[in-house]
Each structure stands twice: as structure tokens, then as C-alpha cells.
Amino acid sequence: MLDLKLIREKPDFVQERLNLRNGDYDIQPILQLDEQWRKLESDRSQLQARSNEIGKLVGQKMKSGSKPNDPEILALKEEGNQIKARLSDLEPQEKDLKTQIDALLLTLPNLPHPSTPVGKDEAENVQVRQWGDEYKPRTEVLPHWEIGEKLGILNTERATKVAQTRFVMLLGAGAALERALIQFMLDQQIAAGYLEVLPPFLINTQSLTATGQLPKFADESFKCNEDDLWLAPTAEVPVTNLYRDEILSADQLPIYHCAYTPCFRREAGSYGRDTRGLIRLHQFNKVELVKLVHPSTSEQEHQTLVQNAEAILQALKLPYRVVELCTGDLGFGAAKCYDLEVWLPSAGTYREISSCSNFWDFQARRGNIRFKEAGQKGTQFVHTLNGSGLAVGRTMAAILENYQQSDGTVKVPEALQSYLNRAVL
RNA sequence: GGAGAGGUGGCAGAGUGGUUGAAUGCGCCUGACUCGAAAUCAGGUUUGGGGCAACCCAACGGGGGUUCGAAUCCCCCCCUCUCCGCCA
């Protein structure tokens with residue numbers, strides 16, 4: 001959520017930054033409502049002040065012996081009643097305006113960070129670095145779903161029977177590989193200083209609103225209608241929300257968490273895209289990194305977060321590149337974002353395997369996650385960051401392709417061999 | 001699902017109609033004492049909003065109501081805990 005004060009005080013600046021995004025965002029309605037609201041607010045609070053005064057006066061007089069039906073008391077009561085009548089007119093108006101303003105605020109995305117490259121769309125993202133070209137296979141390889149089916153470790157047809165399209169079933173070594181990857185990733189990130197969390201996978205509306213999935217992207221998540229619960233689309237949601245509505249002390253920061261969860265996404269509007277294989281599923285596994293940090297450190301924390309995600313790809317010797325998203329491609333809540341893209345030789349392209357975003361104070365405002373500096377008055381919002389460390393299914397896809405051997409088997413990356421107790425799939 | 005208890009400041013925990021934004025304790029901050037620290041003593045310490053400011057308003061789980069006045073009384077809802085039942 002953007003700071004209403006900032007919108008009010010620097011409307012041109014805010015509008016300019018929003019215009020760099022993909023989509024039409026207009027702060028004018030908010031500015032107008034805000035002006036009306038402030039007028040009502042000050043009228044109402046003046047009336048309220050007089051009303052409070054009357055209440056106190058009556059109390060004092062009663063204590064010093066006045067009778068309830070003394071003329072003086074009756075006059076005060078009468079004035080009190082008149083004020084109440086006017087308040088009952090103003091109050092709902094004010095509340096209604098406030099509700100409208102809040103609702104509009106929740107639909108505005110974050111401002112891009114000044115350092116985020118300006119651009120219209122994906123095509124203008126900026127490559128930051130590329131790693132591991134020497135590990136790219138030199139011969140033709142089968143797409144991961146074909147080699148997976150061939151090896152009998154991946155089955156789409158039966159998963160579709162059990163559930164729907166965009167679900168897969170892993171068998172034998174496939175299931176073991178998925179589990180090994182989860183374990184490996186968690187071990188690495190725990191060693192890097194992240195505290196593991198195993199959060200709820202069903203989460204409430206308030207939590208999804210705090211991290212920015214709601215209200216705008218309700219279509220993207222599965223909902224349990226009976227219960228105000230949604231299937232988590234990413235561990236970012238439950239983990240960031242661990243600290244919702246809390247005031248932390250500055251010395252608790254930074255907080256680093258890693259979490260394995262399955263992720264559930266409806267993938268509405270992606271019909272026909274990536275219909276085969278492990279790339280785009282309604283359910284996939286992910287190890288997520290989440291940081292809550294002091295604002296003064298958030299940029300460097302972002303860099304180390306990206307490095308922590310990269311470390312997994314490097315340990316697995318999977319070729320990848322790092323891309324910084326331009327303003328037009330930035331996610332709703334992100335101020336700045338790096339994508340890690342892994343090499344998929346069957347397609348001859350890099351595919352996103354991790355998205356590392358700095359949300360600045362955007363999520364913290366929505367979730368009311370604050371901290372207090374010892375000895376200082378007031379509170380500040382933390383900065384929240386997160387990134388995949390990594391998407392497990394896509395990692396498996398990358399391994400099945402990059403580690404294919406000419407005899408139709410797949411080599412197990414050295415870093416994983418001890419987890420799987422085998423060297424070849 | 002049945003029965004009961006409860007939701008108050010960073011935390012713990014008082015408070016049942018009147019200047020209570022809220023006792024007390026812990027924590028934290030400042031000062032005194034000390035070479036320094038601990039201990040002790042004194043003072044301070046909720047959050048959010050409006051206003052250039054003085055200052056004002058709001059908030060005791062949420063929403064309504066009664067009243068000149070509600071943390072306190074009434075109604076509805078939510079959540080947590082305990083016991084019983086059921087269950088992985």
C-alpha cells in the first residue's frame with residue numbers, strides 16, 4: 001500500500017512513477033475523496049470535542065451535588081443530544097469515504113524503485129549476468145516431460161485422471177528427486193542463515209491482502225468458500241504474515257526465513273501456454289526465502305537474497321542468467337526485482353526459476369508490520385523481501401534436460417547424489 | 001459437534017457508567033549514585049489520524065445499540081483457551 005500522505009503531498013511524483021508500470025493507474029479519485037474526507041474529519045472531530053466536553057461537565061456537576069433535572073443539566077443534555085444528531089449524520093459519511101479511499105489504495109501497485117530500469121515490458125528487462133555456459137549440453141536433448149515419462153518417474157495422464165490438467169504425478173526416483181531437492185535447498189538456505197518455517201498452506205483473506213495477492217488477483221488463487229481460506233499460492237504469504245500486526249524491536253531485525261511449501265495457482269488466463277511438463281502447474285513445490293529488514297539495509301539485503309538463490313543453481317551446476325525486471329514488467333507489490341532464469345536446452349531458452357523482489361514498505365503497510373528503535377518515539381515499517389530458493393519443479397525440469405546423457409539416462413547432480421543414494425536416474 | 005472460560009498498552013495483568021488512554025509489575029529510555037557495570041532511587045515510556053501550530057479526535061477483539069457520558073450495560077459476529085465427543 002502506498003502512503004496516503006505521500007500521494008497527498010507529492011501527487012505528481014506518485015502519478016509519474018505509476019505511469020512507468022504496465023497498466024493504467026490514476027490517483028485523482030483518491031485525491032478527491034481524500035480532500036472530502038479531511039474536511040469531514042475536522043468538522044466531525046470538532047463536534048466530538050464539544051460533545052466530550054459536555055460529558056465531562058455533566059459528570060463534574062453531578063459529583064458536586066447537582067440533581068439530574070437541574071435546568072443547567074437539562075440544557076447540557078439537550079445540547080448533547082443535538083450534537084449527537086449531527087454526528088449521526090456526519091459519521092457514516094466519513095466512514096464511507098474512508099472505506100472508499102482504503103479500497104482504492106489497495107488496488108494501487110507499488111512505486112518502482114529509482115534504480116529500476118525504465119521499460120514497457122519483458123523485452124526491456126536488463127540482463128545482469130550469466131553463469132554456467134560451460135555446463136550447457138552440446139547435443140540435442142529430449143524435453144523433460146518426455147525423458148521423465150520414458151524413465152517412468154513422471155506421469156501426467158494419470159495425474160490428470162486423479163485431478164485435472166496442469167497436475168503431475170512423480171513416481172519412484174522422480175518422487176525421491178523432488179524430495180531430495182527440497183531437502184537440499186532447505187539445508188543450503190539454513191546454512192546461509194535462514195530459519196526454517198513450515199507454515200499453514202491454507203491462509204485467510206487478510207494475509208493475502210497484506211502481501212498484495214488480494215484484492216486484485218483473486219482469480220489466481222484457489223479458494224475454500226466455506227471458510228475464508230485460500231490455498232497458498234506461495235510461501236511468501238504465510239511467512240511474511242507471521243509478523244502481521246506486530247511491532248518488532250529493531251534488534252530483532254533482520255529476520256530471515258526459508259520455507260518449503262506446495263504452491264497452488266489457478267493459472268487463469270494462461271490457457272494453452274506451457275501445457276506440457278513441469279513448467280506451469282496448478283500445484284508445485286517451492287522453497288521460499290523471506291526477509292524482514294531495517295529499511296536502511298534493504299538494498300544490500302536484496303543483493304544477498306539473490307546470491308542465496310543463485311547459490312543453489314551454482315551448486316547444481318545449472319546454467320542460468322540474472323535479469324533485472326524493468327518498470328513495465330515489475331510485479332504488483334515489488335519496487336525492484338531480479339529474476340533468475342535457468343537454461344532449458346530442449347526449448348533453447350532461459351526460463352524463470354526464481355523471482356527475487358524487494359517490496360520496500362509496501363507489504364509492511366498493508367500488513368501493519370512495524371518495528372521500534374530502542375529509545376526512539378514512534379514506529380517505522382519494516383522492508384520485506386522474498387525470492388524463490390528455488391522453484392522445485394522447474395529445477396527438476398532443468399536437471400532432467402541439462403543432465404541428460406547420450407544413453408537415455410539422466411545423471412544426478414553431484415550435490416544431490418548423497419541425498420538420493422544414486423548417481424544416475 | 002456439545003459444555004464452559006476468556007479477548008485490555010511491547011509483554012503480563014487490574015479495572016463493571018463520570019476529568020480512565022487506562023492501576024500495578026516486567027521491559028525500555030533519561031538522570032542520580034559508580035572508575036565502569038550490576039543493584040538501588042527519581043522521572044519518563046501506547047498507537048493511529050487531522051491541523052502550519054496551539055491543539056483536537058479515535059482506539060480496551062469486530063460491528064450495532066442504550067446514555068449528556070461506555071473498557072464498564074444490551075444485541076449480533078469473530079477469534080482464542082479448557083473439558084467432552086469424533087478423527088489423521
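This structure is a prediction, so every number in the text was calculated from the model and none was measured. Quick note: numbers below take in every heavy atom, side chains included, and nothing from hydrogens, waters or symmetry partners. Protein chains get the first letters and strands the later ones, always in sequence-line order, with residue 1 at the start of each.
Contacts of A/R8 with the nucleic acid, taken as non-hydrogen atoms under 4.0 Å apart, involve only primed sugar atoms and P, OP1 or OP2. The residue A/T379 sits close only to the backbone: its heavy atoms come under 4.0 Å of sugar-phosphate atoms, none of a base. Across all strands shown, A/K98 has no heavy atoms under 4.0 Å from either base or sugar-phosphate atoms. Base contact: A/K84 has a heavy atom under 4.0 Å from a base atom. Using a 4.0 Å heavy-atom criterion, one finds that A/Q60 contacts the bases of the nucleic acid, with or without backbone contacts as well.
Comparing the same atom, C1', in B/rG13 and in B/rU34 gives a spacing of 35 Å after rounding to whole Å.
Looking only at side-chain heavy atoms (C-beta outward), A/E220 and A/P233 stay at 4.5 Å or farther from each other. Within the 4.5 Å cutoff, the side chain of A/W230 has no heavy atoms near those of the A/L202 side chain.
Across the strands present, B/rC33 finds no partner; the criterion is a Watson-Crick or G-U wobble pair with both atom distances under 3.5 angstrom. Base pairing analysis places B/rU80 opposite B/rA5; the two distances defining the Watson-Crick or G-U wobble pair are each below 3.5 Å.
An OP1 or OP2 oxygen of B/rG64 is reached within less than 4.0 angstrom by a side-chain nitrogen or oxygen of A/K95.
The CG-P distance, from A/N81 to B/rU66, rounds to 11 Å in whole Å. Rounded to whole Å, atom P of B/rC68 lies 10 Å from atom CG of A/L74.
If you check B/rC57, B/rG50, B/rU47 against the side chain of A/Q48, the one that comes closest is B/rC57. Which of B/rU47, B/rC68, B/rC57 sits closest to the side chain of A/R44 comes down to B/rC57.
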